[in-house]
Amino acid sequence: MRPSVLNNLFCPVSSITGIGPKLSALIEKNCGPYISDVLFSLPSGLLYRPYVEKKSQLIAGALATLLFEVVAHQKPAKRSQPYKVVGFFDGKEAELVFFNYHEKYLLDKLKVHEKYFVSGKIEFFMGKVGILHPDFISKIKEDIPVFEPVYPLTAGLSGKVMTKTVKTVLGMIPDLPEWQDKEFMKKQGFSDWKTSLIKVHHPQKSSDLSFDDAFKMRLAYDELLANQLALFLARSHHKKQAGIKINPRTLVEKDVLAHLPFELTGAQKRVIEEIRCDLLSADKMIRLLQGDVGAGKTVVSLAALLMVYDAGYQGVLMAPTDILAGQHYLAFEKMLQQTTVRIALLTGREKGKKREKILKELASGEIDILIGTHAVFTEDVVYKNLALVVIDEQHKFGVQQRLQLTKKQKGVNLLVMTATPIPRTLALTSYGDMDISILDEKPKNRLLIETKVISVEKVFDVVEKLKNKIDSSEKQVQVYWVCPLVQESEKMDLMAAEKRFEELRDVFGDAVGIVHGKMKGAEKDAVMDRFKKGELSVLVSTTVIEVGVDVPSATVMVIEHAERFGLAGLHQLRGRVGRGAEKSVCLLLYGKQLSEIGRARLKVMRESENGFIIAEEDLRLRGAGDLLGVKQSGLPQFKMADLSVHHHLLKTAAQDAKTILTLDPHLESERGKALRVLLYLFQKDSEILTLKAG
Ligand code: ADP
Ligand code: MG
């Protein structure tokens with residue numbers, strides 16, 4: 001189905017000439033599985049390596065290429081000493097220095113009495129020009145690049161290999177039909193796709209690396225247009241399908257809402273009505289409910305599920321983890337006590353007879369509302385008449401899964417809930433296919449969380465104060481202690497968390513627990529459970545604290561190296577406390593090297609508790625790609641567009657996509673066909689399929 005002109009670009013990286021299995025694994029880790037992923041990995045820096053003829057023009061510490069005449073090889077007496085190749089440059093003595101050398105290789109590579117172009121960082125050893133481990137040695141001057149792109153690299157991958165791979169791959173780019181409007185390109189100063197791609201991999205000055213470079217902008221625009229077209233296609237696909245229309249016969253929803261122990265906020269009432277409107281109409285509901293942590297999304301989802309119950313249908317609520325599913329189940333059980341609504345819990349833990357019974361009762365309609373994890377959508381789970389799917393904390397649940405789900409369950413209405421506050425710009429890139437409801441008001445009874453910013457050097461004071469607080473309080477005090485995980489050195493970070501755990505255990509004894517990403521699910525759950533039950537006072541964790549975990553008695557959140565987190569991430573973590581009647585505190589511990597941005601971020605945290613304001617600031621300060629939680633939240637990660645600087649392009653792309661699909665809804669014109677190629681290029685295969693379905 002993918003047009004054959006793209007075949008080259010979708011070969012695995014292992015098929016690139018000169019790349020063995022070891023390198024291909026590294027390149028895959030660095031860029032992605034396909035050749036196109038290598039092409040779309042753009043340089044982030046630039047090296048300049050001028051050719052220099054005179055010694056007087058050399059700068060110590062800078063890169064340069066020189067013509068070097070070999071006079072002799074000097075093998076050291078001991079292996080631990082450097083091997084030297086001595087000779088002349090510009091008529092003066094010079095030397096090349098090697099540690100860990102291969103003598104035979106060097107004798108062959110640098111033959112005595114011959115001249116070579118050598119390149120590397122220039123040093124002066126007692127006034128003598130020297131290069132330690134030259135980057136290039138060649139007979140041909142042109143072999144050595146004057147400008148060299150610098151790529152972001154995963155550990156173990158060298159810049160040289162990456163550059164060489166990109167070079168090979170650039171030679172494989174096919175000529176593709178132009179999918180952008182010619183007039184628009186002229187106005188923007190855009191070149192064609194292939195030229196742009198080649199240019200961005202050959203920066204010649206620092207402004208070539210800047211986000212507003214015309215070649216870069218063109219590629220960013222392509223990516224955003226593909227994203228917007230795909231979302232519009234998905235949206236019109238949803239809209240074309242008839243949804244299950246409800247026709248209420250009982251009044252359980254009204255009754256349950258009337259007997260809640262609290263009054264609904266204005267925002268909750270508004271959103272409940274928005275959902276009712278959708279469900280009463282014949283169109284299918286595809287709605288995103290965005291609400292800050294603690295905004296009260298659960299009761300909104302219950303109201304929606306009861307609406308379909310009142311009309312005689314089944315509903316299902318899916319949570320990302322067993323713990324969360326169990327939590328929802330208990331909350332529902334409590335709120336539905338006085339009713340005849342039958343609910344059940346189905347996670348990976350319900351097995352054998354128990355599971356069989358649930359499946360049987362689902363198929364017969366004895367169960368009205370099912371709560372669970374992914375298990376609720378396993379192949380053999382059959383519903384009698386499912387009308388509503390609610391997905392809570394929908395991480396990794398993207399456009400494609402939404403399309404698949406609605407294919408599987410015809411006409412089913414979908415409500416997706418997220419606590420990740422998403423800036424408006426970003427919402428457009430990932431939820432353009434959905435209607436959006438926002439819970440922008442917190443329940444009134446909430447106490448403010450006091451946020452303090454403290455140097456990590458004072459960590460022992462913090463521990464001492466916590467100890468006093470825990471020992472002297474009448475009520476149990478519970479503390480989350482978060483140690484950050486930084487991708488590049490997962491192991492070391494884990495060690496740091498374990499070290500802190502040991503230290504805290506010296507102070508608090510058995511009342512300290514630890515959870516981290518390397519633990520098995522059940523192991524993790526067991527520790528979380530003990531914390532929930534109050535058996536643990538301090539829970540040390542890497543960033544794995546489950547989104548949405550509700551332990552109302554936890555009132556202290558300590559975050560180490562808070563400056564390493566994105567604001568959205570800090571906000572999420574802080575939202576784990578301040579859930580009960582007691583006043584909560586959040587202690588942000590910062591490390592010694594606090595950057596400008598780090599400082600700015602901590603300030604925002606101290607000053608605001610509004611997730612949406614924080615998310616906008618996060619985008620402004622860090623850029624979309626860096627937002628912590630981006631991966632979990634299912635937001636698309638752009639390769640060439642950077643939404644912190646390209647948001648103006650996104651708006652244009654959204655308009656462009658709308659116009660294109662209004663004029664040519666099936667993408668059949670000449671440009672339409674070229675746009676299909678663009679969509680395949682960005683792997684929007686399932687969205688293209690909606691075109692075929694008509
Ligand atoms: P989230 O939006 O993070 O999922 P929850 O639905 O878990 O939030 O609600 C957090 C807590 O607030 C729950 O204990 C819930 O019962 C309570 N709550 C929800 N709505 C209100 C309200 N209007 N007034 C007071 N408390 C509320
Ligand atoms: Mg929740």
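Count residues from 1 along the sequence. Every number for a ligand or one of its atoms is a count from 1 in the order of the listing.
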Partners meeting ring-ring contact (aromatic ring centres under 6.0 Å, His included) with Phe531 (sequence neighbours left out): Tyr480

Protein contact of atom 17 (C) of ligand 1 - nearest heavy atom, named by residue and atom, plus distance: Arg446 NH2, 3.6 Å

For atom 14 (O) of ligand 1, closest protein heavy-atom neighbour: Asp550 OD2, 4.5 Å

Stepwise side chain to side chain donor-acceptor pair (under 3.5 Å) check, Lys532 with Gln327: CA-CA 11 Å; Lys532 251 190 117 148; Gln327 200 171 285; 2.9 Å; yes

Under 3.5 Å: N/O of Phe262 near N/O of ligand 1: no

Gly294 N/O to ligand 1 N/O under 3.5 Å: yes

Closest protein heavy atom to atom 1 (P) of ligand 1, given as residue, atom name and distance to 0.1 Å: Lys297 NZ, 3.4 Å

Atom 20 (N) of ligand 1 - nearest protein heavy atom and its distance: Gln268 NE2, 3.0 Å

Identity and separation of the nearest protein heavy atom to atom 8 (O) of ligand 1: Gly296 N, 3.3 Å

Heavy-atom gap Gly291 to ligand 1 smaller than 4.0 Å: no

Any Leu439 heavy atom less than 4.0 Å to ligand 1: no

Ligand 1 contacted by Glu263 (non-hydrogen, < 4.0 Å): yes

Atom 7 (O) of ligand 1 - nearest protein heavy atom and its distance: Thr298 OG1, 3.5 Å

Partners meeting salt bridge (charged side-chain N to carboxylate O under 4.0 Å, His left out) with Glu356 (sequence neighbours left out): none

